[in-house]
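Below: one structure, written as structure tokens.
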Amino acid sequence: MPGRISAQEVLNNLHLGLIALDRDFNILLWNDWMERHSAVPAQRALQANFVSLFGQQLTPGFLRALSNTVSYGLPAVLSSALHRSPLPLYPSLATPAGEPPVRMVQSVVMTPIRGEDGSRTCLIQVSDASHSVKREKMLMSHSEALRRQVVTDGLTGVNNRRFFDEHFALVLQQARRNRSPLSLFMIDIDFFKQYNDHYGHGAGDRVLKRVAEALKEELTTPGGVFARYGGEEFIMVTSGMDAAHATIFAERLRQSVTALQEPHAKSLIGHHMSVSIGVCTRGDELEDDPEGRNLMASADAALYRAKLGGRNKVIATD
């Protein structure tokens, strides 16, 4: 009758591979999609033994799932995440000379079918998951980029205050657990407002980047955290230093900015950019300061004293 199509035509126009196997793994169905991506014509595939046809090209995971479906009637789903390319199928059989063909990323569904006589067959559906995998990678990459934007200072490229606040709690917890001293450094650029007013905000942005890079390069201890805390202020936390070593390290931070030799005509203490640093180190006292508020307040007070005492210096709490 005009307008009617056969079941075989429907199967051959599907955008997925269809294979049917009997209990002995002989091939009963092999549609056009399978022909295109395996280079095995239906005439050769039909009535051939599926396992013998592909031999060692089948993955162990695929063979286990197939055996369970045919022998015990257990349906199976082989995701592209766990079973990337279980069958020797290829997106395109035409590859550049000298390059081996790359298998298609696949999703496979195995469905047991019981016939009227009680015999069991297996229907295998194979779909090309390459685009899904690419899309997933793009989404993950985009998600990671967004995550970095959320915790990164847009101007200097170092961590921002949000990142510091989240990780400070973790560093504090680890220091308490390991009974390790923790040092907090509050760093402020001296007379930055005057610098901006004299040189302009473009120059101010540039010098903020230089200072951030210089300070960041000094932090080499594992687990340390450095961030722009706001405006011209930076913050750093490290573990494992006693008070004396923390003071020496703070002085090294100060000198790293001095070494930039960044001109500052409006500084009231010199002719170049400088920083003031307040540092506080706590050991067993952290047990009574679970959120680190006292540590933070003490370092901030030390910074205030450094600025009040003439700037371009390090003040450590007693």
Side-chain angles (χ1 to χ4, degrees), residues 1-96 99-141 143:
M1 181 180 295
R4 297 187 63 179
I5 58 176
S6 67
Q8 188 63 45
E9 288 176 305
V10 173
L11 298 179
N12 285 336
N13 282 278
L14 293 176
H15 292 290
L16 76 163
L18 289 177
I19 310 167
L21 306 178
D22 65 16
R23 55 186 291 178
D24 297 318
F25 305 127
N26 296 315
I27 301 173
L28 307 175
L29 171 65
W30 191 265
N31 71 345
D32 282 359
W33 191 96
M34 287 301 302
E35 282 196 4
R36 288 196 302 274
H37 296 290
S38 69
V40 178
Q43 184 178 5
R44 176 184 164 200
L46 292 174
Q47 299 306 318
N49 184 275
F50 182 79
V51 177
S52 299
L53 183 64
F54 290 112
Q56 298 297 320
Q57 298 182 79
L58 300 174
T59 64
F62 178 91
L63 290 172
R64 283 194 300 271
L66 179 61
S67 178
N68 288 335
T69 301
V70 173
S71 302
Y72 306 109
L74 300 176
V77 176
L78 305 184
S79 69
S80 58
L82 298 178
H83 305 267
R84 185 176 177 85
S85 304
L87 292 170
L89 303 175
Y90 305 90
S92 174
L93 296 173
T95 57
E99 294 186 14
V102 178
R103 283 194 181 193
M104 172 194 299
V105 180
Q106 306 154 32
S107 293
V108 179
V109 177
M110 299 183 187
T111 306
I113 301 175
R114 185 175 292 275
E116 294 180 357
D117 59 353
S119 61
R120 184 179 289 130
T121 57
C122 173
L123 177 66
I124 303 173
Q125 302 170 66
V126 186
S127 55
D128 185 352
S130 304
H131 295 298
S132 298
V133 171
K134 289 180 181 178
R135 185 164 55 249
E136 183 178 349
K137 287 182 177 179
M138 288 177 61
L139 289 173
M140 290 178 64
S141 176
S143 176

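The shown structure was predicted, so the numbers you read here are calculated from the model rather than taken from an experiment. All values below come from the heavy atoms of this structure, side chains included, with hydrogens, waters and symmetry mates left out.
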Kindly compute the distance separating [atom1] ([X]) from [atom2] ([Y]), expressed to the nearest 0.5 Å.
{"X": "Leu66", "Y": "Asn68", "atom1": "CG", "atom2": "CG", "value": "9.0 Å"}
{"X": "Arg114", "Y": "Arg120", "atom1": "CZ", "atom2": "CZ", "value": "4.0 Å"}
{"X": "Ser127", "Y": "Leu14", "atom1": "OG", "atom2": "CG", "value": "12.0 Å"}
{"X": "Leu18", "Y": "Leu29", "atom1": "CG", "atom2": "CG", "value": "6.0 Å"}
{"X": "Leu21", "Y": "Leu123", "atom1": "CG", "atom2": "CG", "value": "9.0 Å"}
{"X": "Leu87", "Y": "Met34", "atom1": "CG", "atom2": "CE", "value": "6.0 Å"}

**Complete:** In terms of heavy-atom contacts, Leu28 and Thr121 come closest through CD1-CG2, 4.0 Å

Heavy atoms, side chains only, cut-off 4.5 Å: are [X] and [Y] in contact?
{"X": "Val109", "Y": "Ile124", "answer": "no"}
{"X": "Ser38", "Y": "Pro88", "answer": "no"}
{"X": "Val126", "Y": "Leu89", "answer": "yes"}
{"X": "Ser107", "Y": "Ser80", "answer": "yes"}

Any donor-acceptor pair under 3.5 Å from [X] side chain to [Y] backbone:
{"X": "His83", "Y": "Leu78", "answer": "no"}
{"X": "Gln106", "Y": "Met104", "answer": "yes"}
{"X": "Asn31", "Y": "Leu16", "answer": "yes"}
{"X": "Thr69", "Y": "Leu74", "answer": "yes"}
{"X": "Arg103", "Y": "Ser85", "answer": "yes"}
{"X": "Asp22", "Y": "Asp24", "answer": "yes"}
{"X": "Trp30", "Y": "Gln43", "answer": "no"}

Taking distance alone, no hydrogens or angles, what donor-acceptor pairs closer than 3.5 Å link side-chain atoms of residues 50-65 to residues at least two apart or in another chain?
unit_1, atom_1, unit_2, atom_2, d
Ser52, OG, Asn49, OD1, 3.2
Thr59, OG1, Phe62, N, 3.3

**Contacts of type side chain to side chain donor-acceptor pair (under 3.5 Å), residue Asp32, not counting sequence neighbours** = none

